[in-house]
Protein chains: 2
Amino acid sequence: MKQDKISEAVVRRLPLYLRYLNELTISGVQTVSSQDLGDKLDLNPAQIRKDLAYFGEFGRKGVGYNVHYLIEKIRQILKLDKILNVALVGTGNLGRALSNYSMYIRDNMKIVAVFDSDPSKYGTFINRLTVQPMNELSETVKRLDITIGIITVPATEAQNVADRFVEAGIRGILNFAPSVIKAPSGVRVHHADFTGELLSLAYYMDHEKS
Amino acid sequence: MKQDKISEAVVRRLPLYLRYLNELTISGVQTVSSQDLGDKLDLNPAQIRKDLAYFGEFGRKGVGYNVHYLIEKIRQILKLDKILNVALVGTGNLGRALSNYSMYIRDNMKIVAVFDSDPSKYGTFINRLTVQPMNELSETVKRLDITIGIITVPATEAQNVADRFVEAGIRGILNFAPSVIKAPSGVRVHHADFTGELLSLAYYMDHEKS
DNA sequence: TAGATTGTTAATCGATTAACAATC
DNA sequence: TAGATTGTTAATCGATTAACAATC
């Protein structure tokens with residue numbers, strides 16, 4: 001197959017694969033089949049083979065996938081060697097939780113600046129980073145080569161913060177506020193709102209279908 | 001149409017509609033069209049009409065939807081009048097952030113008990129709730145009629161906590177840990193992992209397709 | 001009446017799953 | 001060789017979008 005357009009659903013599963021593969025190396029497993037992966041991750045084995053085949057032929061017929069090799073390949077696909085600098089706006093509880101989340105949120109992302117619009121927060125520290133005022137955002141983004149912005153402000157402020165990020169030249173935004181924000185094409189926006197997750201959980205608890 | 005099986009995607013959009021409708025009442029808007037909603041929420045109007053039509057005929061041809069009436073209907077569908085009691089396990093940063101999140105995480109969910117496996121945490125307070133040891137979980141779940149469990153422990157612990165929840169008779173689990181957990185059918189599990197969200201954001205920032 | 005917008009059917013698009021030849 | 005498992009095509013399933021008659 002090799003490189004058509006890759007669908008969002010596929011890319012979202014790659015980190016899942018990676019996570020489990022990492023567990024496997026820890027327990028010393030050398031080889032894994034799509035069957036094994038599927039069992040563990042609650043996915044169809046054919047789907048897993050198809051996902052991986054978008055990017056190349058990583059397995060061996062009759063044998064399976066070499067765990068180390070597959071990890072390496074997925075890391076390449078997701079570009080996990082390159083470190084991305086991240087700015088976070090909103091130092092409430094959620095913002096604090098995210099910044100503290102071991103500083104490196106994940107493998108290759110590093111929060112290097114935090115901002116708030118509340119003057120009483122200016123100069124206070126969150127995990128070794130000074131809280132900066134919003135009017136320093138643009139300059140800081142450029143100086144530190146920040147490409148991703150995280151929004152953890154109240155819903156009413158989210159679009160405003162997004163606009164500031166866009167002005168500053170950021171290329172991806174992860175919005176935790178419960179509101180839909182807009183950005184020009186060229187700036188990618190993902191929403192990480194768990195309200196929907198909770199409410200739909202409750203819905204299906206009653207309307208059993210599983 | 002009215003009541004086939006409702007797909008997950010549909011249910012996940014309902015809270016989105018509700019959110020925006022609530023904003024509209026605040027600005028005093030009485031009536032809204034699927035076109036308006038679609039523009040604001042970045043959704044196709046036909047999709048919105050179809051979603052709503054699963055549950056009944058809420059609109060008026062040539063006019064649109066009455067905002068108040070639609071809010072009422074969606075609240076009924078999602079059963080937002082009934083309060084659900086929630087237990088949370090894991091009092092790290094994320095757990096704290098969630099419990100503090102105004103106590104009522106959303107409209108109708110209330111965290112009424114928090115647990116941790118670290119003895120040094122026992123008896124400390126999080127937002128007026130005493131942190132309890134894990135061996136009190138089962139009794140507390142029954143006593144307080146808790147039906148939903150939130151997991152904010154490290155990935156290695158998540159399945160274990162899920163098992164305890166299941167034993168205790170919980171019917172829905174929201175897992176924030178970066179690991180896939182299993183539960184018997186009858187217990188619904190949703191995953192709220194933002195790692196995937198972040199990594200896929202980064203992926204598409206480079207492989208521009210939008 | 002003319003214009004707007006719903007509810008719904010039909011068409012399209014996309015994603016998941018099944019099946020199997022290739023081959024280790 | 002026999003058994004296992006991939007990569008990939010074809011079949012299926014499901015979700016989104018277009019189109020339009022009904023009607024306010």
Side-chain angles (χ1 to χ4, degrees), chain A residues 1-14 16-17 21 24 29-70 73-74 77 180 196 200 203-204 209-210, chain B residues 1-14 16-17 21 24 29-70 73-74 77 180 196 200 203-204 209-210:
Chain A
M1 199 171 285
K2 191 86 178 172
Q3 207 75 345
D4 277 302
K5 258 146 227 131
I6 310 298
S7 95
E8 196 132 346
V10 174
V11 175
R12 241 170 256 268
R13 281 191 292 268
L14 295 179
L16 238 57
Y17 301 155
L21 291 167
L24 286 179
V29 177
Q30 304 282 330
T31 298
V32 68
S33 69
S34 58
Q35 189 60 247
D36 295 338
L37 279 163
D39 288 348
K40 199 66 179 187
L41 301 175
D42 270 338
L43 295 172
N44 183 297
Q47 182 170 62
I48 294 175
R49 293 199 297 278
K50 200 158 199 287
D51 283 356
L52 296 173
Y54 280 109
F55 303 96
E57 307 200 357
F58 302 149
R60 290 220 299 160
K61 297 186 166 86
V63 178
Y65 300 90
N66 177 282
V67 174
H68 276 287
Y69 182 71
L70 192 51
K73 283 301 176 185
I74 295 180
I77 294 165
V180 174
S200 66
Y203 179 88
Y204 283 112
K209 59 135 218 186
S210 61
Chain B
M1 199 171 284
K2 190 87 178 171
Q3 208 74 346
D4 278 302
K5 258 148 227 129
I6 309 298
S7 95
E8 196 131 349
V10 173
V11 174
R12 240 169 256 266
R13 281 190 293 266
L14 294 179
L16 236 59
Y17 302 155
L21 292 167
L24 286 179
V29 177
Q30 304 281 329
T31 300
V32 69
S33 69
S34 59
Q35 189 59 246
D36 295 338
L37 280 163
D39 287 347
K40 198 67 181 185
L41 301 174
D42 270 339
L43 295 172
N44 182 298
Q47 181 171 63
I48 294 175
R49 293 200 297 279
K50 200 157 198 288
D51 284 356
L52 296 173
Y54 280 110
F55 303 97
E57 306 200 357
F58 301 149
R60 291 218 301 159
K61 295 187 166 87
V63 178
Y65 299 90
N66 177 283
V67 173
H68 276 287
Y69 182 71
L70 192 51
K73 283 301 176 186
I74 295 179
I77 294 165
V180 175
S200 66
Y203 179 88
Y204 283 112
K209 59 137 217 187
S210 62

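Nothing here was measured: the structure is a model prediction, and the numbers come from that model. Just so it is clear: chains get the letters A, B, ... in the order the sequence lines come, proteins before strands, and each one is counted from 1.
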- Message: Testing the basics here: between B:L14 and B:I77, what is the closest heavy-atom pair and its distance to 0.1 Å?
- Response: CD1-CG2, 3.8 Å
- Item | Between CZ on residue B:R49 and CG on residue B:L37, distance to nearest 0.5 Å | 11.0 Å
- Task: Output the distance between atom CG (A:L41) and atom CD1 (A:I48), rounded to the nearest 0.5 Å.
- Result: 6.0 Å
- Note on the structure: What residues 35-47 of chain B contributes to the DNA chain C interface at heavy-atom separation below 4.0 Å is none
- Within the distance-only criterion (no hydrogens, no angle test), does the side chain of B:Y54 pair as donor or acceptor with the backbone N or O of B:S7 below 3.5 angstrom? no
- Who are the side chain to side chain contact (heavy atoms under 4.5 Å, CB included) partners of A:Q30, not counting sequence neighbours? none
- Message: Quick check: on DNA chain C, is the nucleotide nearest B:V32 upstream (toward 5') of the one nearest A:V10, or the reverse? Name the residue that is more 5'.
- Response: B:V32
- If you find the nucleotide of DNA chain C closest to A:R49 and the one closest to A:A9, which residue's nucleotide is nearer the 5' end? A:A9
- Task: Only counting residues at least two apart or in another chain, list the ones meeting salt bridge (Lys or Arg N to Asp or Glu O under 4.0 Å) with A:D36.
- Result: none
- Note on the structure: Pairs under 3.5 Å (Watson-Crick or G-U), crossing ones as [ ], inter-strand ones as |: DNA chain C comes out as ..||||||||||||||||||||||
Just the table, please: protein N/O against nucleotides 22-24 of chain C N/O, every pair under 3.5 Å.
{"from": "C:dC24", "atom 1": "O4'", "to": "A:K61", "atom 2": "O", "distance (Å)": "3.1"}
{"from": "C:dC24", "atom 1": "O3'", "to": "A:R60", "atom 2": "NH1", "distance (Å)": "2.7"}

- Message: Given C:dT6, D:dG7, D:dT9, identify the nucleotide with an atom nearest to the side chain of B:S34.
- Response: C:dT6
Can you name the atoms? Protein N/O to nucleotides 11-14 of chain C N/O, anything below 3.5 Å, with the distance.
none

